[in-house]
Amino acid sequence: RGINYAQSEKIIAGGNREYNEVWWFYPDESNSENNRYVLFNYLEKTWSMGTMERTTWFDGAPFSRPFGMDSTGLLYYHETGFAADTSAMSTTLISGDNDLQDGDDITFLSRIIPDGDFIGTAQLYINTRKYPTATAIRKGPYSVSAATTKLSMRARGRSLSLELYTSGTTDNYRLGAFRFDIQSDGKQ
């Protein structure tokens, strides 16, 4: 969403040195207070964006975690635990489309080997496309936990994206490189 330029003096920036991040909080076009963010990880050279109301941000490094304040004056201590003040905190991670075998042939996927550290259970969806502008075909959800060694499934496409969701008070994960069993399945 776009920026509410009438409230642009409220835009703030802050850092999170522990994770090599710079954050910008801004009001979107339908709000008068900062309710969205864009963050940049300067080591990985990656961008993220989302919704979170913060009018004040302090890194806290090197002695403590970052903290921020919302427009009501409520203070939040960040990067501690897996819940939002004892309430479940849902997370969503969606990858971009990745070509399978350079996107030339239709590829058949039969198995996924998840890689990562999982506390609790995450829900995984697989999205495939035959063509870049085609509607994605969504498969899942598949439950992924520390005990998951493989996921058997059937999907076809030239590209693949992954969606990972968690919603428990103790859910947490760190991802590695997922592996896939694939084989060429024609040109159609």
Side-chain angles (χ1 to χ4, degrees), residues 1-3 15-26 28 35-52 78-79 82-84 88-188:
R1 296 185 92 174
I3 295 173
N16 185 343
R17 284 181 242 180
E18 182 176 2
Y19 293 103
N20 310 304
E21 297 169 343
V22 178
W23 292 67
W24 292 269
F25 295 93
Y26 66 94
D28 69 24
N35 65 321
R36 295 181 92 45
Y37 68 85
V38 174
L39 79 84
F40 178 65
N41 182 304
Y42 48 85
L43 284 185
E44 296 174 5
K45 302 205 182 328
T46 57
W47 292 89
S48 298
M49 59 185 163
T51 58
M52 181 172 21
H78 289 266
E79 309 297 349
F82 308 121
M89 184 168 54
S90 63
T91 64
T92 304
L93 177 68
I94 303 173
S95 77
D97 285 340
N98 294 284
D99 285 341
L100 298 167
Q101 298 183 345
D102 294 326
D104 292 334
D105 292 339
I106 301 288
T107 301
F108 176 72
L109 291 92
S110 60
R111 181 172 46 181
I112 298 172
I113 302 171
D115 181 19
D117 297 323
F118 293 91
I119 298 172
T121 302
Q123 300 302 309
L124 177 68
Y125 291 89
I126 309 302
N127 301 305
T128 58
R129 294 180 199 272
K130 286 187 179 179
Y131 303 100
T133 58
T135 302
I137 297 171
R138 189 176 199 215
K139 302 280 186 157
Y142 303 97
S143 293
V144 181
S145 69
T148 306
T149 57
K150 67 178 178 74
L151 299 167
S152 296
M153 45 92 62
R154 298 170 65 89
R156 295 176 75 234
R158 285 188 171 89
S159 67
L160 165 85
S161 70
L162 303 175
E163 298 180 38
L164 197 66
Y165 297 96
T166 61
S167 59
T169 57
T170 60
D171 291 343
N172 188 27
Y173 56 88
R174 184 178 69 204
L175 298 179
F178 281 39
R179 292 179 292 251
F180 307 92
D181 280 350
I182 61 173
Q183 65 187 41
S184 186
D185 201 28
K187 295 260 184 213
Q188 300 180 21

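None of these values were measured; they are calculated from a predicted model. Side chains are part of it too, since the values below use all heavy atoms of this structure and drop only hydrogens, waters and symmetry mates.
No side-chain donor-acceptor contact under 3.5 Å links T107 and Q183. S145 and T121 share no donor-acceptor pair across their side chains, judged by distance under 3.5 Å alone. Side-chain contact check for E44 and N20: no donor-acceptor pair (N or O, by modelled atom type) lies under 3.5 Å.
Side-chain atoms of R129 come within 3.5 Å of backbone atoms of A134 as a donor-acceptor pair (strictly under, hydrogens ignored). Within the 3.5 Å criterion, the main-chain N or O of I106 finds no donor-acceptor partner in the side chain of K130. With hydrogens and angles ignored, the 3.5 Å screen pairs no side-chain donor or acceptor of D28 with any backbone N or O of N35. Remark: side-chain polar atoms of N41 are paired, donor with acceptor, to backbone N or O of Y19 under 3.5 angstrom.
Put simply, the side chain of F180 does not reach to within 4.5 Å of the side chain of L100, judged on heavy atoms. When side chains are defined from C-beta on, M153 does not count as touching S110, because their heavy atoms never get closer than 4.5 Å.
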### Query
Is there a side-chain contact (heavy atoms from CB on, under 4.5 Å) between Y173 and L93 once you walk through the steps?
CA-CA 11 Å; Y173 56 88; L93 177 68; 3.7 Å; yes
### Query
Can you check side-chain contact (heavy atoms from CB on, under 4.5 Å) on L151 and I126, steps first, answer last?
CA-CA 11 Å; L151 299 167; I126 309 302; over 6 Å; no
### Query
Yes or no on side-chain hydrogen bond (donor to acceptor under 3.5 Å, both in side chains) for Q123 and S143, after CA distance, side-chain angles and deciding distance?
CA-CA 5 Å; Q123 300 302 309; S143 293; 3.2 Å; yes
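Qualifying side chain to side chain contact (heavy atoms under 4.5 Å, CB included) partners for S48, counting only residues two or more places apart in sequence or in other chains: L39.
Under the 30°/60° scheme for interplanar angles, the aromatic rings of F178 and F118 are found to stand perpendicular. Using cut-offs of 30° and 60° for the angle between ring planes, the W23 and Y37 rings count as tilted.
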